[in-house]
Amino acid sequence: MRVHQGAHRRGQRRPPVTARETGRARALQDVPLSDTLHAFRIGFEFLWAELVAEARDPHHVSSDTLVALSSARWRQVGDYSDAMTMSYREAAAELLLQREHERSVLVEALFTGAIADQSTLWETARPLGLPAAGPFIVVTAAVPAPGREALPGIEAEADVRDMRSTE
């Protein structure tokens with residue numbers, strides 16, 4: 001087992017770049033954050049088990065070194081989990097904005113008639129989560145202020161009633 005001590009000597013820990021890369025990748029793959037954190041826990045549990053196995057043989061490692069190693073591992077659990085979570089949330093927010101923009105463009109195309117042929121119409125409905133067959137209801141509402149929702153909570157209410165909606 002090796003410990004990277006270069007960064008510790010300077011009084012600062014290495015930034016967990018791999019954790020940030022993993023967080024971003026999993027968000028872009030739509031892997032739930034809880035599943036990603038669970039995978040991190042499994043990895044750190046493995047490292048902990050290896051450390052415990054080394055501790056059982058007093059001839060390999062001194063007790064001072066084991067204490068230092070275990071402290072370093074626990075700090076890594078927090079550092080890596082925090083970095084991965086932050087990167088995951090940033091990427092998920094970017095993805096949400098991208099999807100919302102895409103939805104907005106598709107909805108506008110549907111309502112302005114920019115999509116005329118039937119096959120393209122249904123290809124557009126699919127990413128919006130709309131069914132292939134109606135009936136459909138169109139609701140319009142005034143926006144109370146720029147950047148505000150016209151009908152806050154309408155999508156959640158539609159979901160409760162097993163209806164699909166898009167804005």
Side-chain angles (χ1 to χ4, degrees), residues 4 6-8 10 12-50 72-167:
H4 298 284
H8 294 314
R10 290 187 300 274
Q12 54 189 174
R13 292 182 281 214
R14 286 186 182 188
V17 174
T18 304
R20 289 194 303 271
E21 291 170 349
T22 299
R24 181 167 184 74
R26 295 305 172 263
L28 295 176
Q29 294 167 345
D30 285 329
V31 175
L33 179 58
S34 60
D35 291 352
T36 305
L37 283 169
H38 182 70
F40 263 60
R41 281 191 296 274
I42 290 170
F44 279 108
E45 285 173 15
F46 172 77
L47 287 174
W48 182 251
E50 291 295 307
R73 292 297 165 244
W74 286 115
R75 276 194 310 271
Q76 277 186 330
V77 169
D79 290 348
Y80 276 65
S81 296
D82 290 348
M84 190 280 303
T85 300
M86 185 173 70
S87 181
Y88 181 99
R89 288 182 175 151
E90 288 170 357
E94 289 171 18
L95 195 57
L96 179 65
L97 287 173
Q98 178 186 351
R99 287 178 178 163
E100 284 302 312
H101 175 72
E102 199 173 282
R103 283 174 53 139
S104 179
V105 168
L106 290 174
V107 168
E108 184 176 342
L110 284 174
F111 283 111
T112 61
I115 300 171
D117 73 74
Q118 194 73 10
S119 63
T120 306
L121 183 64
W122 295 122
E123 288 172 13
T124 302
R126 192 175 311 121
L128 294 173
L130 296 174
F136 296 97
I137 299 172
V138 176
V139 177
T140 61
V143 178
R148 305 288 308 267
E149 288 187 60
L151 299 169
I154 192 70
E155 285 196 60
E157 184 65 31
D159 282 345
V160 167
R161 299 173 189 272
D162 200 29
M163 298 168 63
R164 301 297 148 245
S165 68
T166 190
E167 297 180 27

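As a basis for the values below, the full set of heavy atoms in this structure was taken, side chains included, without hydrogen atoms, waters or symmetry mates.
When atom types are taken as modelled, the side chain of Ser87 and the backbone of Ala83 share no donor-acceptor pair closer than 3.5 angstrom.
The distance from the CZ atom of Arg24 to the CD atom of Glu90 is 8.5 Å, given to the nearest 0.5 Å. Interatomic distance, Glu100 CD to Leu95 CG, rounded to the nearest 0.5 Å: 10.5 Å. With rounding to the nearest 0.5 Å, the separation of CZ in Arg103 from CZ in Arg99 is 10.5 Å.
Tyr80 and Phe40 have tilted rings, their planes meeting at an angle from 30° to 60° on a 0 to 90° scale.
Contact record, Ala27 with Ala92: CB-N, 3.9 Å, taken as the closest heavy-atom pair. Among all heavy-atom pairs drawn from Pro144 and Ala150, the shortest one is CD-CA, 4.0 Å.
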Practice task
Take Met84 and Leu33, measure what side-chain contact (heavy atoms from CB on, under 4.5 Å) needs, and give me the verdict at the end.
Solution key: CA-CA 9 Å; Met84 190 280 303; Leu33 179 58; 4.0 Å; yes
Exercise for the section: Carefully, step by step, assess Glu149 and Ile154 under the rule side-chain contact (heavy atoms from CB on, under 4.5 Å). Expected result: CA-CA 10 Å; Glu149 288 187 60; Ile154 192 70; 5.6 Å; no
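Shown here is Gln29, whose CD atom has more than 12 heavy atoms of other residues, nucleotides or ligands within 6.0 Å.
Sorted pairs that involve residues 33-48 and meet side-chain hydrogen bond (donor to acceptor under 3.5 Å, both in side chains), not counting sequence neighbours, are lacking altogether.
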